[in-house]
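A note on names: the letters A, B, ... follow the listed sequences, proteins ahead of strands, and every chain is numbered from 1.
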Protein chains: 2
Amino acid sequence: MRVSIVDVANRAEVSISTVSRVLNRRDLVNAKTRERVEAAIRELGFRPNAFGRGLMLRRSEVVGLVLPDLHGDFYSEIIRGADAKARSMGYNLVVSSAAAGEDSHSLLERLQNRGLIDGVAVMISEVTEDTERVLSGFRQPVVLMDGVSPGDQHDSVVIDQERGVQALASHLLGKCGVRRVIFLGGCDTNADTQARLAAWRRSLTKARLPLVDEDVYHLDYEFESACRLAADRLDDWADPDTCVVAANDEMAAGVISAAHAAGVTVPDELQVVGFDDTRLAKLIRPKLTTVRVPMWQMGARAIELLCGRIQDEAKEPRRVSLPPALVVRDSCRANGVS
Amino acid sequence: MRVSIVDVANRAEVSISTVSRVLNRRDLVNAKTRERVEAAIRELGFRPNAFGRGLMLRRSEVVGLVLPDLHGDFYSEIIRGADAKARSMGYNLVVSSAAAGEDSHSLLERLQNRGLIDGVAVMISEVTEDTERVLSGFRQPVVLMDGVSPGDQHDSVVIDQERGVQALASHLLGKCGVRRVIFLGGCDTNADTQARLAAWRRSLTKARLPLVDEDVYHLDYEFESACRLAADRLDDWADPDTCVVAANDEMAAGVISAAHAAGVTVPDELQVVGFDDTRLAKLIRPKLTTVRVPMWQMGARAIELLCGRIQDEAKEPRRVSLPPALVVRDSCRANGVS
DNA sequence: ACTAATGTTGAAACCGTTTTCATTAGCACC
DNA sequence: GGTGCTAATGAAAACGGTTTCAACATTAGT
């Protein structure tokens, strides 16, 4: 048998208004009355119903997080950050992935969920022409994470790719004596890949080592495909002054695995670096030199922005930029020519 | 300006009852009227409000998933399965972790969330005395996943640990010539660890190779601690007929890493197996022999049970048992004495 | 003692749906 | 032409809260 605010009111011999006030504006009710009401609430185990509440308040205290996928370290770390922050701000977090064969439009619509959700943080990694249309279809606050940033209409938290690549490039070119870079990206519609590739082109051109098209590969972020490609190209690549730059750690791990199988030692005969600093980077041998992307932070900041906007609709779009950090490990040479 | 069912009714020149019927029981309304209403809905961009709806229907079509943690492959795979199934059954999934320093009681209470959630699938890996109390505090359907199973009051989906361990044991003892097993578990309050250890004791006793207490270690499921322990004990362990049996893949990877650093080759001088078959198992060298736990399935089945129960309260508790599968790779010897 | 301000409470409106129940119209049947 | 059905619709009552507004009691100020 469900217990409603009426039951509490009866038991405490007050009106429902008073019960409601005890719940929301304690200071407005006399101390002795309040005690009676609180006792009744306790004894009956009353919990205010979210629907009745939401109907009046027009908010649910639930926020959504939409990711391209839920697979792997990368995303779980974002979820952790988002979850922690949401909780600390008194919200619940609904997570959903845009993958799973459903087109993102219907997913977002479904999530928007007739007002059940107060706002959404979205990460879209593939650039498509209707991204903007989908986003503008939202009636509630939206925060964009990383990837795409169509216009400046939304709050967003992005990774400062340029800075990460620069740190990596100056390390490789300066300390590791790298003279040739092989770039392994994801699909060429992927926003991260685009940003990183562009940043590499700039960095290398500045160092008078332009990245030639033959050394740019578009794969799929997977271990296996990087492994296969590397096995095939290793004869060409293997050189102490060459570095394979992968757009994520998994592909870097794939290259290292292929090199290992072919008897090419890393980093002495070929250098490799990754991107993201996932858990994997520390687990393979040699440990991976990579760039730490603050995923936890990204999730947390996105939710922070989102909840802020929910509470204060007026503010103009804010943009948070998160700096990645170079993590030097063992997959490229320590000091110049070894 | 929000558009409600009243606006639609006005525009279509019908009553709100009719609009509602078009939404829920199309067949009850005349074709011509229906068309008018549908046109109005389309033109106004009307979406039924979830609070009004939930208030009447007493359900939200949202289900919760509570995990001990969100970190790592293991959990993301469960989330994926749960999400996919929830979606296909017309539900939305709220994910939350019981970690993050909050005691699980208040989390579950909060998630139960005044009825905002129709039910919860819970995975509790640590056995504590108040587990049962917490679970019985629920007023809505609960499905238990893996780990703890207090009484038979709830639906549950478990991993058939016994079967997984048996498969592994018969492979190791039969094909790999293993004569001594070192067991690396998680914390000894962990339900999985308890189940696996007990299963190993039975399997080994049956083979007249009882597991001695000195060869049982309780760690924390982490790469690092397994790595440190192995580095310390490797002198004792290193033997072609010894196999380190870790309760998850990460610890197995830690042992392999330590062995590699100490110049002990796996599997020739020491055999190692993991458990779970996470992504990591394929990425390290040698590739890990392990037991595939159907995590995606577990998430999916749990949600399936949950939604089933939500729709049909009456049924008596069901228990689904998922069989793990042996995955033979390169971290133990292929055929008897090599 | 009269007035104004303040503190405390309850009645009732409202939020946006679904659903029950009554009403009306159209139709077949005798 | 009345009677009994069915189909189509609308009015109104929930559902469980919050909030406005008015009422009343109390206190302070003069």
Selected nucleotide, minimal atom distance to B/L57 side chain, candidates D/dG16, C/dT19, D/dG17: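 For B/L57, the side-chain atoms sit closest to C/dT19.
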Any donor-acceptor pair under 3.5 Å from A/N92 side chain to A/V62 backbone: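 Checked: no pair found.
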Looking at A/N190 and A/C187, would you say the former's side chain and the latter's main chain have a donor-acceptor pair under 3.5 Å? no
Within the structure provided, determine whether B/V143 and B/S156 are in side-chain contact (heavy-atom separation under 4.5 Å).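 B/V143 does not reach B/S156 side chain to side chain.
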Are A/M123 and A/I78 packed together at the side-chain level, in the sense that at least one heavy-atom pair is separated by less than 4.5 angstrom? yes
Round to the nearest Å and state the distance from [X] atom [atom1] to [N] atom [atom2].
X	N	atom1	atom2	result
A/R59	D/dT18	CZ	P	10 Å
B/L44	C/dG16	CG	P	14 Å
B/I5	D/dG10	CD1	P	12 Å
A/F46	D/dG16	CZ	C1'	8 Å
A/L116	C/dT17	CG	P	12 Å
B/K32	D/dA8	NZ	P	12 Å
A/I41	D/dG16	CD1	C1'	14 Å
A/F51	C/dT17	CZ	C1'	12 Å

Taking OP1 and OP2 of D/dG17, is either one under 4.0 Å from a side-chain nitrogen or oxygen of A/N49? no
A/R58 side chain near C/dC15 phosphate (N/O to OP1/OP2, under 4.0 Å):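 For C/dC15, OP1/OP2 do not have a side-chain N/O of A/R58 under 4.0 Å.
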Check: protein-nucleotides 24-28 of chain D nitrogen or oxygen pairs below 3.5 Å:
none

Taking atom OG of A/S76 and atom CD1 of B/I79, what is their separation to the nearest 0.5 Å? 7.5 Å
Using a heavy-atom cut-off of 4.0 Å across all strands, would you classify A/S20 as base, sugar-phosphate, or nothing? base
Is it true that A/E43 and A/R11 make a salt bridge, defined as a side-chain N closer than 4.0 Å to a carboxylate O?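 Yes, A/E43 and A/R11 are salt-bridged.
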Basic-acidic side-chain contact under 4.0 Å: B/R309, B/D155: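 Salt bridge present between B/R309 and B/D155.
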What side-chain donor-acceptor pairs closer than 3.5 Å can you find for residues 295-304 of chain B, not counting sequence neighbours?
residue : atom : partner : partner atom : Å
B/R301  : NE   : B/E304  : OE1          : 3.3

Just wondering, are more than 12 heavy atoms of other shown residues or ligands nearer than 6.0 Å to CD in A/E13?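 Result for CD/A/E13: open.
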Reading nucleotides 6-14 of chain C from 5' to 3' and marking B where a protein heavy atom lies under 4.0 Å of the base, S where only the sugar-phosphate is that close, and - otherwise, the string is --SBBBB-B
